[in-house]
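Comments concern the structure below.
Any value given below was found using the heavy atoms of this structure, including those in side chains, with hydrogens, waters and symmetry copies removed. From a predicted model like this one, the values you see are computed outputs, not experimental measurements.
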There are 2 protein chains.
Amino acid sequence: MSDTRQLLLDGAIAALRDKGITGASARTIAAAAGVNQALVFYHFGSVDALIQAACREAAAQQVESYRPLFRSVASLHDLVVLGQRLHAEQRSAGNVTVLAQVLAGARHNPRLVAAAREALTLWIDEIAANLERLLEGNPLAQVADTGCLARAVAASFIGIELYEGADPDGARSAFAALEQLSALTEILDDLGPVARNALGARLRRHHPRP
Amino acid sequence: MSDTRQLLLDGAIAALRDKGITGASARTIAAAAGVNQALVFYHFGSVDALIQAACREAAAQQVESYRPLFRSVASLHDLVVLGQRLHAEQRSAGNVTVLAQVLAGARHNPRLVAAAREALTLWIDEIAANLERLLEGNPLAQVADTGCLARAVAASFIGIELYEGADPDGARSAFAALEQLSALTEILDDLGPVARNALGARLRRHHPRP
DNA sequence: GTCTATAGAGGGATAGAC
DNA sequence: GTCTATCCCTCTATAGAC
């Protein structure tokens with residue numbers, strides 16, 4: 001992997017983070033990378049292809065780096081706390097922002113769809129694996145498929161990230177609501193076996209598992 | 001309100017819907033409106049100002065038109081079902097898409113922030129008012145502030161809308177997870193008074209209301 | 001592999017005729 | 001209020017020197 005390639009990949013992330021999908025052009029990316037603009041096309045063929053590659057690499061690297069923290073989470077509440085920490089840390093590093101911007105761009109640019117989906121899938125799989133672990137024995141696990149739940153969590157995360165730009169206080173309180181919901185499911189887990197079984201039966205009646 | 005002004009407002013929404021924030025230029029908006037490009041600047045001064053006005057107007061009109069349906073909702077489950085219907089209907093009309101695109105643009109364009117926040121606030125207030133009504137007596141209401149919950153719901157909606165573009169099946173299953181969560185809170189409501197009070201006490205202990 | 005230069009399209013915004 | 005014409009900018013992408 002040549003130096004310039006890596007500089008461009010990093011520059012693409014920096015440009016997406018600092019200027020958004022509307023401002024991530026070959027020129028701004030090259031400027032962020034400190035290389036010549038024509039090299040975008042020499043190494044990647046097009047701006048979209050570069051963004052796609054950068055998006056993939058950044059997501060893989062980020063998910064990898066957070067994996068130990070995810071593994072050490074022992075409760076749903078901790079998972080939400082980790083989510084908030086991730087959100088706070090990424091506000092400066094900006095990787096969730098990048099994903100949100102690429103996702104917004106993908107809505108009307110087919111060439112970005114694959115990149116957005118693959119990057120998001122990496123996060124979703126990681127979240128799903130941990131939900132599976134944390135929801136073991138919880139009545140909720142009997143109705144909510146962890147894969148679906150993980151997708152909802154990831155999508156909510158993206159939504160809150162965008163909302164953060166329009167109303168930081170509102171985004172904080174949205175997070176607080178999620179934390180409260182997670183507390184609810186934890187309490188379900190703390191219920192005595194009798195109450196838990198009663199609730200489980202009720203859930204099953206309400207929503208038979210497919 | 002002159003005809004041309006309205007044509008431009010409608011054209012802006014159409015352009016945002018069909019081409020996204022990256023493709024909503026004075027020229028594409030004017031083309032969608034069927035008027036001359038210079039009129040964008042005569043009537044609104046700048047493209048951003050037009051988008052801002054269009055965003056405000058569209059959100060107000062949409063919230064207004066859905067208000068009777070919101071009022072007729074009698075359960076949390078119905079609210080989620082209405083959300084899905086709204087999502088499906090708006091996929092063609094595209095007003096959630098528009099909001100998501102403006103929100104994504106606002107992240108790096110200060111001139112769009114106010115428009116995004118105001119449009120979103122209209123939806124949030126409507127959702128909050130209905131949650132307040134539907135959660136009355138539910139133990140969840142003792143811990144989760146309806147305003148915060150409404151913000152989380154709105155943000156999740158935006159996130160799922162964007163996710164839909166990258167993975168339609170995934171977005172559907174994310175919605176299914178939200179439906180399952182809503183079923184959970186309904187069951188809480190159906191619990192006998194003893195169990196409900198026990199749960200309520202537990203929730204309060206876990207998260208004292210501010 | 002890296003650079004300069006440039007083609008060719010599209011963008012925001014304005015001047016000035018009508 | 002509406003139109004044409006235009007300025008000047010940025011964009012993607014390529015050609016060709018080094």
Side-chain angles (χ1 to χ4, degrees), chain A residues 1-55 98 101-102 104-115, chain B residues 1-55 98 101-102 104-115:
Chain A
M1 175 93 71
S2 87
D3 262 6
T4 303
R5 260 187 82 89
Q6 192 57 51
L7 285 172
L8 280 170
L9 290 169
D10 297 343
I13 298 298
L16 281 167
R17 180 190 59 212
D18 298 337
K19 300 174 190 296
I21 188 71
T22 56
S25 68
R27 288 168 206 275
T28 58
I29 290 172
V35 304
N36 189 280
Q37 171 259 341
L39 294 175
V40 168
F41 303 95
Y42 175 78
H43 284 285
F44 295 92
S46 74
V47 175
D48 288 343
L50 166 54
I51 288 176
Q52 195 168 336
C55 193
V98 168
Q101 290 293 318
V102 172
R107 209 75 180 82
H108 297 91
N109 182 349
R111 302 210 284 175
L112 291 179
V113 170
Chain B
M1 176 93 71
S2 87
D3 262 6
T4 303
R5 261 187 80 90
Q6 192 57 52
L7 286 172
L8 281 169
L9 289 169
D10 297 343
I13 297 298
L16 281 166
R17 181 190 59 214
D18 298 339
K19 298 172 192 296
I21 188 72
T22 56
S25 68
R27 287 166 157 84
T28 58
I29 291 172
V35 305
N36 189 279
Q37 170 257 341
L39 295 174
V40 168
F41 303 95
Y42 175 78
H43 284 285
F44 295 93
S46 73
V47 174
D48 287 343
L50 166 54
I51 288 177
Q52 195 168 335
C55 192
V98 168
Q101 290 293 318
V102 173
R107 207 74 179 85
H108 298 90
N109 182 348
R111 302 209 284 176
L112 292 178
V113 169

For this session: Take the protein atom CG of L50(B) and the nucleotide atom C1' of dG12(C), then report the distance between them rounded to whole Å.
Result: 13 Å
Exercise. Taking CG from N36(B) and P from dT14(C), how many angstroms apart are they, rounded to a whole number?
Worked result: 15 Å
For this session: Measure the distance from CD1 on I51(B) to P on dA13(C) and round it to the nearest whole Å.
Result: 11 Å
Problem set entry | Interatomic distance, H43(B) NE2 vs dA13(C) C1' [rounded to whole Å] | 16 Å
Exercise. Between dG1(C), dA13(C), dT12(D), which nucleotide has the shortest distance from any of its atoms to the side chain of A26(A)?
Worked result: dT12(D)
Exercise. Between L8(B) (CG) and dC3(D) (P), how many Å, whole number?
Worked result: 10 Å
Exercise. Of all the choices, dC11(D), dT2(C), dT2(D), which nucleotide is nearest to the side chain of L39(A) once you look at every atom?
Worked result: dT2(C)
Problem set entry | Rounded distance (Å) that lies between atom P of dG12(C) and atom CD1 of I21(B) | 11 Å
Exercise. Just to confirm, is there a sub-4.0 Å distance from OP1 or OP2 of dG12(C) to any side-chain nitrogen or oxygen of S46(B)?
Worked result: no
Problem set entry | Short side-chain N/O contact to dC11(D) OP1/OP2 from S25(A), under 4.0 Å | yes
Exercise. What heavy-atom pair brings I13(A) and V98(A) nearest, and what distance separates the two atoms?
Worked result: O-CG2, 3.7 Å
Seminar exercise, completed: All heavy atoms of F44(B) vs all of A53(B), minimum pair found to be CE2-CB, 4.0 Å
Exercise. Which atoms form the tightest heavy-atom contact between Q101(A) and I21(A), and what is the distance?
Worked result: OE1-N, 2.9 Å
For this session: Report the nucleotide, chosen from dC3(C), dC11(D), dT14(C), that has the shortest atom-to-atom distance to any side-chain atom of F41(B).
Result: dT14(C)
Exercise. Quick one: which of dT4(C), dA13(D), dT2(D) gets closest to the side chain of Y42(B)?
Worked result: dT2(D)
Problem set entry | Residues D10(A) and Q6(A): side-chain donor-acceptor under 3.5 angstrom | yes
For this session: Could you pick out which residue, R27(B) or Q37(A), lies toward the 5' side of DNA chain D when each is mapped onto its nearest nucleotide?
Result: R27(B)
Problem set entry | Minimum heavy-atom distance between L16(B) and A24(B), given as atom pair plus value | CD2-CB, 3.8 Å
Seminar exercise, completed: Among the nucleotides dC11(D), dA15(C), dC3(C), whichever has the atom closest to the side chain of A38(B) is dA15(C)
